[in-house]
There are 2 protein chains.
Amino acid sequence: MTQKSPGLVELCKAKGRRITGQRKIIADVISSAHDHPDVPEIHRRAMRKDEKISLSTVYRTLKIFAEIGLIEQHSFEGGPFRVERAEGPHHDHLIDTTNGRVIEFRSEEIERLQTEIAEKLGYELTGHRLELYGRPKAK
Amino acid sequence: MTQKSPGLVELCKAKGRRITGQRKIIADVISSAHDHPDVPEIHRRAMRKDEKISLSTVYRTLKIFAEIGLIEQHSFEGGPFRVERAEGPHHDHLIDTTNGRVIEFRSEEIERLQTEIAEKLGYELTGHRLELYGRPKAK
DNA sequence: TCGTTAATGCAAATTATTTGCAATAAGGGG
DNA sequence: CCCCTTATTGCAAATAATTTGCATTAACGA
Ligand SMILES: [Mn+2]
Ligand SMILES: [Mn+2]
Ligand SMILES: [Zn+2]
Ligand SMILES: [Zn+2]
């Protein structure tokens, strides 16, 4: 394993699922990823450990991890979804439109305003999606 | 025409495109829509005026309208995109998760914070997407 | 009215993701 | 440690959403 995958597989087992070689690999790929890879990319990385692992298994495993709440699936600009380990404080994303790079940020203030707005409209906020798109400033 | 379509078709023509019967119909469907219909729904409404209009033409026309900036395409929750006439001040959406209804809102404050955040990260904000999801408060 | 060329309709192609099914393997019980 | 049951996998085929190729039709300026 490139890096310890604290939880992912164990939590999966705790939910009554079996621990398989491919799940361990996919969990490791996600845990050691420092970016927001899409499915083909996760598959590619997983294949470096097991060249027989199938795309279907990647999709199925990701779905399970997502249902258990171990990962998050974001689909920026309506493109194919990208994945990241769900841990640490919530954050939103800024996408660099010149290269697709994803930058994370967190705004206590925006989060609060969102709840306020929903409230004012008579709703209880259950979720939200916030993406900023921009290009590096010339400087 | 159910309702005057101020601009849509004319602006389309101004961009060098031809004014066709199906474009007039689609423009009218969009202009008189008070919701955020998806493509099948727009097609359905368009067929009430011309039962021969094809889904491809709807897709193609919407793409043109979007390129010219006459409409906006939002894809909530990764679902199929929904359309709305681009006019009036910018706004964001709150989706009622109990029935899919879309409620519009505008927050000067959030808009400003977004620009600030991008700036602080060294970016010039070129666009953003903000969606709130919630359920009606019991009250 | 014509001719040129954009636009349309329809079917086939794509892209992203899901699913059916037979073969394989996890892991609890013995 | 070995079995047996049953979840999981691989692969191909199925879906869902959107796009595209191509022959036919229709805009619209000359
Ligand atoms: Mn992130
Ligand atoms: Mn709207
Ligand atoms: Zn947030
Ligand atoms: Zn906004």
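Note: hydrogens, waters and symmetry copies are ignored here, and every other heavy atom, side chains too, is used. By convention in this document, chain letters (A, B, ...) are assigned in the order of the sequence lines, proteins followed by strands, and residues within each chain are numbered from 1.
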> Quickly work out the Q73(B) CD to dT18(D) P distance and round it to whole Å.
9 Å
> Hey, does the side chain of K63(B) come within less than 4.0 Å of dT19(D)'s phosphate (OP1/OP2), counting only N and O?
yes
> Nearest 0.5 Å please: distance from the CZ atom of F105(A) over to the NE2 atom of H91(A).
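Here the rounded value is 9.5 Å.
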> Measuring from E116(B):CD to I110(A):CD1, what's the distance to the nearest 0.5 Å?
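The distance works out to 9.0 Å.
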> Between K13(A) (NZ) and dA25(C) (C1'), how many Å, whole number?
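Rounded to whole Å, this separation is 15 Å.
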> Under 4.0 Å, heavy atoms only, any strand: does R17(B) hit a base, just the sugar-phosphate, or nothing?
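Sugar-phosphate, no base atom in range.
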> Which of the following nucleotides, dA7(C), dG10(D), dT9(D), is nearest to the side chain of I53(A)?
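Comparing dA7(C), dG10(D), dT9(D) against the side chain of I53(A), the answer is dG10(D).
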> Identify which nucleotide among dT19(C), dA7(C), dA16(C) has an atom closest to any side-chain atom of R18(B), counting heavy atoms from C-beta outward.
dA7(C)
> Measure the distance from CG on L55(A) to P on dG10(D) and round it to the nearest whole Å.
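These atoms are roughly 11 Å apart.
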> Tell me whether the OP1 or OP2 atom of dT18(D) has a side-chain N or O from Y59(B) closer than 4.0 Å.
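So the side-chain polar atoms of Y59(B) do come within 4.0 Å of the phosphate oxygens OP1 or OP2 of dT18(D), strictly under.
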> Atom CZ of F65(A) and atom P of dT8(D): how far apart are they, to the nearest Å?
11 Å
> Given atom CD of Q22(B) and atom C1' of dG9(C), what is their separation to the nearest angstrom?
9 Å
> OP1 or OP2 of dT8(C) sitting under 4.0 Å from any side-chain N/O of R23(B)?
yes
> Show your reasoning for whether side-chain contact (heavy atoms from CB on, under 4.5 Å) applies to L132(B) and I95(B).
CA-CA 6 Å; L132(B) 303 186; I95(B) 295 87; over 6 Å; no
> Write down the distance between CD1 (I19(B)) and C1' (dG29(D)), rounded to a whole number of angstrom.
14 Å
> Looking at S56(B), does any N or O in its side chain come under 4.0 Å of the phosphate oxygens OP1/OP2 on dC10(C)?
no
> Expressed in angstrom and rounded to an integer, what is the separation of D50(B) atom CG from dA7(C) atom P?
17 Å
> Answer yes or no: does a side-chain N or O of T20(B) lie under 4.0 Å from OP1 or OP2 of dT8(C)?
yes
> What is the distance from atom CG of L11(B) to atom CZ of F65(B), rounded to the nearest 0.5 Å?
9.5 Å
> Compute the centroid of each ring, for H93(A) and then for F76(A), and state whether the two points are separated by less than 6.0 Å.
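Centroid separation for H93(A) and F76(A): below 6.0 Å.
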> Please tell me which of G16(A) and P40(B) maps to the more 5' nucleotide of DNA chain D, matching each residue to the nucleotide holding its nearest heavy atom.
G16(A)
> To the nearest Å, give me how far apart CD (E41(B)) and P (dA16(D)) are.
18 Å
